[in-house]
Amino acid sequence: MHIVFMGVSGSGKSTVALSVAQRLGLPYAEADGFHPEANIAKMSAGTPLTDEDRRPWLRSLAAWISDHELRGESTLMACSALKRSYRDTLRSGAPGVYFVHLDAPTAVIAERLRARAGHFMPAGLLDSQQATLEPLEDDEAGITIDVSDSAAQVAGRVLDAVTAALGLSAPPQA
Ligand SMILES: Nc1ncnc2c1ncn2[C@@H]1O[C@H](COP(=O)(O)OP(=O)(O)OP(=O)(O)O)[C@@H](O)[C@H]1O
Ligand SMILES: O=C(O)[C@H](O)[C@@H](O)[C@H](O)[C@H](O)CO
């Protein structure tokens, strides 16, 4: 099983996914680390990526999922995966890819982006992220979770939802 935390920039993918990966003991990928330099430079300059910019990046993420699948390992990833077609590419990596869409009112996310320091992604790109976002459709395996509450509350809720949906067991909290 492969779990992908999706959503716009600032929705809390990295924060929540890392904490859930640690609880479940799964290999973790931060999709930002797979972007070519040119994509990072483009976003840093305030220009949204195009489908073409994202294509090789998504393929490399699908390959990461596929490599683990071939070794019989489950994984967890933080990746915006904004469009259905992007999720199709990720799904091409393995049969069981489950998406957790982290969602919140735009004002909540905008405020978190304004407060975030030391990240290349400008808060000004939130509008284009929202415009590009295609929410999960009924036939896509996954769940949408509101992330307006604190990171600890959200991580707990996500862990419960994911373990229930996928029949996983989380070790008791230390
Ligand atoms: N539930 C939460 N409550 C309050 N702050 C949060 C919550 N989740 C994340 N944050 C904070 O909001 C900011 C954005 O979170 P994070 O970097 O995890 O988002 P992201 O979706 O991974 O963004 P990006 O796609 O731009 O990398 C961070 O400063 C993080 O500490
Ligand atoms: O598809 C995209 O536009 C990108 O993945 C962005 O979402 C950024 O990588 C990320 O949000 C910044 O951390």
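Indexing begins at 1, ligand by ligand and atom by atom, following the structure's order.
- The protein atom (non-hydrogen) at minimum distance from atom 7 (C) of ligand 1 is Arg112 NH1, 3.5 Å.
- Under a 4.0 Å heavy-atom criterion, Ala78 is not in contact with ligand 1.
- Sequence neighbours left out, the pairs with a member in residues 67-87 that pass ring-ring contact (aromatic ring centres under 6.0 Å, His included) are Trp64-His68.
- A side-chain donor-acceptor contact under 3.5 Å links Lys13 to the backbone of Val8.
- Of the protein's non-hydrogen atoms, the one nearest atom 22 (O) of ligand 1 is Ser14 OG, 2.6 Å.
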Could you walk me through whether Ser85 and Asp88 pass side-chain hydrogen bond (donor to acceptor under 3.5 Å, both in side chains), step by step? CA-CA 5 Å; Ser85 61; Asp88 287 340; over 6 Å; no
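- Gln153 places a side-chain N or O within 3.5 Å of a backbone atom of Ser150 that can act as its donor or acceptor partner.
- Protein residues with a heavy atom closer than 4.0 Å to ligand 2 are Ser9, Asp32, His35, Met43, Arg54, Trp57, Ser80, His119, Phe120, Met121, Gln129, listed by chain and number.
- Contacts with ligand 1 closer than 4.0 Å are made by backbone heavy atoms (N, CA, C, O) of Ser150 only, the side chain lying farther away.
- Scanning all protein heavy atoms for the shortest distance to atom 25 (O) of ligand 1 gives Lys13 NZ, 2.7 Å.
- Note: an N/O pair closer than 3.5 Å links Ala151 and ligand 1 by distance alone.
- Within the 4.5 Å cutoff, no side-chain heavy atoms of Thr75 are placed close to those of Val4.
- Taking each of Gln129, His119, Met121 in turn, the one with a heavy atom nearest to atom 27 (O) of ligand 1 proves to be His119.
- Atom 19 (O) of ligand 1 has Gly12 N, 3.1 Å as its closest protein atom, hydrogens excluded (heavy atom only).
- Of all atoms in ligand 1, listed by their number and element, those nearer than 4.0 Å to a heavy atom of Val8 are 21 (O).
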What's the verdict on side-chain hydrogen bond (donor to acceptor under 3.5 Å, both in side chains) for Ser9 and Gln129, showing C-alpha distance, side-chain angles and the deciding distance? CA-CA 7 Å; Ser9 174; Gln129 293 267 304; 5.0 Å; no
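- Summary of contacts: the protein heavy atom closest to atom 28 (C) of ligand 1 is Arg116 CD, 3.8 Å.
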For residues 93-104, tabulate all N or O donor-acceptor pairs below 3.5 Å that involve a side-chain atom, not counting sequence neighbours.
none

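- At the shortest separation from atom 26 (O) of ligand 1 among protein heavy atoms lies Ser9 OG, 2.6 Å.
- Ion pair Arg87/Glu134 not flagged as a salt bridge, since none of the NZ, NE, NH1 or NH2 atoms sits closer than 4.0 Å to an Asp/Glu carboxylate oxygen.
- Put simply, the side chain of Glu73 does not reach to within 4.5 Å of the side chain of Glu69, judged on heavy atoms.
- Counting heavy atoms closer than 4.0 Å to ligand 1, residue Asp32 contributes side-chain atoms (C-beta onward) but none from N, CA, C or O.
- The residues Arg157 and Asp146 are annotated as not salt-bridged, no charged nitrogen and carboxylate oxygen being separated by less than 4.0 angstrom.
- Atom 23 (O) of ligand 1 has as its closest protein heavy atom Gly10 N, 3.0 Å.
- Within the 4.5 Å cutoff, the side chain of Met6 has no heavy atoms near those of the Leu90 side chain.
- When only non-hydrogen protein atoms are considered, atom 9 (C) of ligand 1 lies nearest to Thr15 OG1, 3.6 Å.
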Dump the intermediate steps for side-chain hydrogen bond (donor to acceptor under 3.5 Å, both in side chains) on Thr106 and Gln130, then the final yes or no. CA-CA 8 Å; Thr106 302; Gln130 298 277 21; 3.1 Å; yes
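- Checking only distances, Leu113 never comes within under 3.5 Å of ligand 1, N or O to N or O.
- Those atoms of ligand 1 with a heavy atom of Val147 less than 4.0 angstrom away are 1 (N).
- Note on Asp139 versus Arg84: salt bridge recorded, some NZ/NE/NH1/NH2 to OD/OE distance being below 4.0 Å.
- For Ser11, the heavy-atom gap to ligand 1 drops under 4.0 angstrom.
- Every residue two or more places apart in sequence or in another chain was checked for a side-chain contact (heavy atoms from CB on, under 4.5 Å) with Asp160, and none qualifies.
- The backbone of Asp149, and not its side chain, has at least one atom closer than 4.0 Å to an atom of ligand 1 (non-hydrogen atoms only; backbone = N, CA, C, O).
- With Thr47 contributing its side chain and Met43 its backbone, the two residues share no donor-acceptor pair below 3.5 Å.
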